[in-house]
Number of protein chains: 2
Amino acid sequence: MTSSTPVPPGRPRAFDIDEALDRAVLVFWSKGFEGASLDDLTAAMGISRPSLYRAFGSKEDLFHKALERYTEGLASYFARALAAPTSGSVAAAVLHGTVEAATMPGLPAGCLGVLGALATGDESRQVRDALIAWREEGTAHLTRRFQQAVDAGDLPPSSDPHLLALYLRTIANGIAVQAASGSSRAELVQVANLALSSWPKR
Amino acid sequence: MTSSTPVPPGRPRAFDIDEALDRAVLVFWSKGFEGASLDDLTAAMGISRPSLYRAFGSKEDLFHKALERYTEGLASYFARALAAPTSGSVAAAVLHGTVEAATMPGLPAGCLGVLGALATGDESRQVRDALIAWREEGTAHLTRRFQQAVDAGDLPPSSDPHLLALYLRTIANGIAVQAASGSSRAELVQVANLALSSWPKR
DNA sequence: GCACATCCGTACCGATCGGTACCGAAGGGG
DNA sequence: CCCCTTCGGTACCGATCGGTACGGATGTGC
């Protein structure tokens with residue numbers, strides 16, 4: 001059964017193409033497509049620039065192959081979640097899998113599929129941090145507001161104001177990404193209402 | 001009362017600085033900080049490159065001023081929402097305001113605070129679209145799965161499989177942004193569980 | 001009307017971007 | 001042993017990036 005490994009002519013490749021692809025996944029994941037320069041990629045992959053182009057075609061081709069590998073690897077929880085027995089267990093598996101994959105120690109935070117065209121390069125890190133602080137400030141405002149609500153008896157004493165604020169921020173962030181992806185206002189209003197249905201009753 | 005407008009020496013500015021800032025907001029909003037080139041900005045603002053630097057300092061300074069103006073303008077719904085009478089009405093005002101602001105006809109979709117360091121320039125539009133398609137595919141899978149659940153009696157017949165799928169995607173996107181912003185796994189697990197508490201019962 | 005300060009825009013800077021021409025090296029097939 | 005094919009890296013390409021030097025224009029204060 002040598003047909004599965006028909007030794008190609010010419011000088012053999014001196015690096016493991018899958019291992020190099022794994023390195024590329026990490027770079028795109030943490031820096032995004034635009035933020036990942038060829039120097040970043042070649043340095044992480046341990047190969048030269050022409051080697052990258054021979055093996056993967058172009059930066060964009062490389063990104064698509066990295067996304068594919070990410071889908072079959074670190075994001076494979078999604079496919080497994082679809083096979084869960086009930087809709088509730090599907091939903092739980094999707095969200096818990098997302099949380100787990102987005103917060104893996106030693107790996108970039110977040111999801112390549114969301115941040116790939118979104119994350120930023122080194123040069124504008126200050127801007128990115130400023131925006132994180134901007135969103136953080138909003139969360140802090142909400143936390144204080146919900147603490148007042150607890151104090152006023154408007155929310156059950158068992159409520160966690162910070163959790164509620166973080167919950168709202170998360171929904172709002174998700175809505176922003178969905179809107180930028182083309183979701184309609186009517187759809188997102190329904191999503192918002194569904195998210196609000198789990199709000200604690202007084 | 002001329003002290004409030006002490007006519008400065010030198011040649012007066014030939015353009016309205018606030019109007020130019022509004023144009024800059026739209027550019028950063030739709031293309032992100034890195035994706036917005038100086039040519040994009042100067043073309044939209046109708047001023048030359050040195051004029052931009054004299055009036056705003058640098059590209060980064062301009063971004064911060066644009067973010068400030070966005071906060072006080074199109075994102076002012078957030079400050080108003082905090083003043084709503086009950087926590088539930090705060091939450092509803094925040095999410096509905098987010099949806100409305102993120103889907104304003106004639107304005108960029110999404111939120112400058114989320115997409116500012118995230119959106120992409122023209123050059124990688126194909127990559128961005130590919131990622132949108134990637135997330136869309138996931139939503140489609142979930143929709144089919146939940147349709148099966150309805151057919152099997154696992155979900156109430158009144159359930160909307162597409163809405164449930166979109167809801168999950170939105171939460172997952174928000175979780176990814178939060179994770180990239182530094183939220184811990186423990187926090188996000190709580191957020192996920194809260195989101196799951198509104199899942200329809202059989 | 002003259003000095004001064006600021007604005008205007010053209011035309012340029014070095015750095016970096018993604019991508020490639022080129023040539024020596026390393027393998028298999030005849 | 002030679003040819004062919006592919007891989008290796010150096011050194012380069014044009015384009016674009018953010019940022020600025022500079023000289024002419026336009027206003028106020030003396």
Side-chain angles (χ1 to χ4, degrees), chain A residues 2-3 5-21 24 27-28 31-66 116-117 119-128, chain B residues 2-3 5-21 24 27-28 31-66 116-117 119-128:
Chain A
T2 57
S3 65
T5 56
V7 178
R11 179 173 171 175
R13 186 176 286 117
F15 62 93
D16 185 317
I17 195 169
D18 284 327
E19 186 174 344
L21 192 52
V27 176
F28 282 130
K31 303 195 173 201
F33 175 75
E34 282 192 324
S37 71
L38 283 178
D39 284 339
D40 293 331
L41 290 165
T42 53
M45 299 165 81
I47 62 177
S48 73
R49 206 178 283 234
S51 293
L52 187 153
Y53 274 79
R54 266 189 300 272
F56 300 103
S58 72
K59 185 187 175 186
E60 186 167 340
D61 291 337
L62 174 61
F63 181 82
H64 284 105
K65 282 161 182 161
T120 170
D122 297 320
E123 59 206 19
S124 54
R125 179 149 301 179
Q126 298 183 22
V127 169
R128 194 203 55 181
Chain B
T2 57
S3 65
T5 56
V7 178
R11 177 174 173 176
R13 187 175 285 117
F15 62 92
D16 186 314
I17 195 169
D18 284 327
E19 187 174 344
L21 192 51
V27 176
F28 281 130
K31 302 193 174 203
F33 176 75
E34 282 193 323
S37 71
L38 284 179
D39 283 339
D40 293 331
L41 290 165
T42 53
M45 299 164 81
I47 63 178
S48 74
R49 206 178 281 235
S51 293
L52 187 154
Y53 275 80
R54 268 188 301 273
F56 300 103
S58 71
K59 184 187 175 187
E60 185 168 341
D61 291 336
L62 174 61
F63 181 82
H64 284 106
K65 283 161 182 160
T120 171
D122 297 322
E123 58 207 19
S124 55
R125 178 149 301 178
Q126 298 183 23
V127 169
R128 193 203 56 180

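Residue numbering restarts at 1 for every chain, and letters A, B, ... go by the order of the sequence lines.
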_Looking at every heavy atom in both A:Ala44 and A:Val27, which two are closest together, and how far apart are they?_
CB-CG2, 3.5 Å
*Which pair of heavy atoms, one from B:Ala55 and one from B:Lys65, lies closest together, and at what distance?*
O-NZ, 4.4 Å
*asked:* Could you report the tightest heavy-atom contact between B:Lys59 and B:Glu34, atom names first, then the distance?
replied: NZ-O, 3.9 Å
*Is it true that a side-chain atom of A:Lys31 and a backbone atom of A:Ser37 form a donor plus acceptor pair closer than 3.5 Å?*
no
*For A:Arg11, which residues count as a side-chain contact (heavy atoms from CB on, under 4.5 Å) partner, sequence neighbours excluded?*
none
*Could you note down all residue pairs passing side chain to side chain donor-acceptor pair (under 3.5 Å) where residues 42-53 of chain A supplies at least one of them, sequence neighbours left out?*
A:Asp39-A:Arg49, A:Ser48-A:Ser51
*To the nearest Å, how far apart are A:Phe33 CZ and C:dG18 P?*
8 Å
*Report the residue (B:Asp39 or A:Ala14) whose heavy-atom-nearest nucleotide on DNA chain D is the more 5′ of the two.*
A:Ala14
Atom pairs under 3.5 Å: protein N/O with N/O of nucleotides 23-27 of chain C:
unit_1	atom_1	unit_2	atom_2	d
C:dG24	N2	A:Arg11	NH1	3.1
C:dA25	N3	A:Arg11	NH1	3.0
C:dA26	O4'	A:Arg11	NE	3.4

*According to the interplanar angle, ranging from 0 to 90°, do the rings of B:Phe28 and B:Phe33 count as parallel (below 30°), tilted (30 to 60°) or perpendicular (above 60°)?*
parallel
*Check every atom of D:dG18, C:dG19, D:dG8 against the side chain of A:Phe15 and return the nucleotide holding the closest atom.*
D:dG8
_What is the separation between atom NZ on A:Lys59 and atom C1' on C:dT16, rounded to the nearest whole Å?_
12 Å
Output a table of donor-acceptor pairs, distance under 3.5 Å, between side-chain atoms of residues 14-21 of chain B and any protein atom two or more places apart or on a different chain; print 'none' if there are none.
unit_1	atom_1	unit_2	atom_2	d
B:Asp16	OD1	B:Asp18	N	2.8
B:Asp16	OD1	B:Glu19	N	3.0
B:Glu19	OE2	B:Arg23	NH2	3.3

*asked:* Can you measure A:Leu38 atom CG to D:dG14 atom C1' for me and round it to whole angstrom units?
replied: 15 Å
*Length of the CG-P vector between A:Asp61 and C:dG18, whole Å*: 14 Å
*Taking CE from A:Met45 and C1' from D:dG8, how many angstroms apart are they, rounded to a whole number?*
15 Å
*asked:* Minimum heavy-atom separation for A:Phe56 and A:Asp61, please, with both atom names.
replied: O-CB, 3.0 Å
*Scan residues 47-54 of chain A against DNA chain D and write down, sorted by residue number, each residue with any heavy atom closer than 4.0 Å; if none is found, say none.*
A:Ser48, A:Pro50, A:Ser51, A:Arg54
_Whole-Å gap separating C1' (D:dT16) and CD (B:Glu34)_ = 14 Å
_Length of the line joining A:Leu41:CG and C:dC17:P, which is rounded to integer Å_ = 11 Å
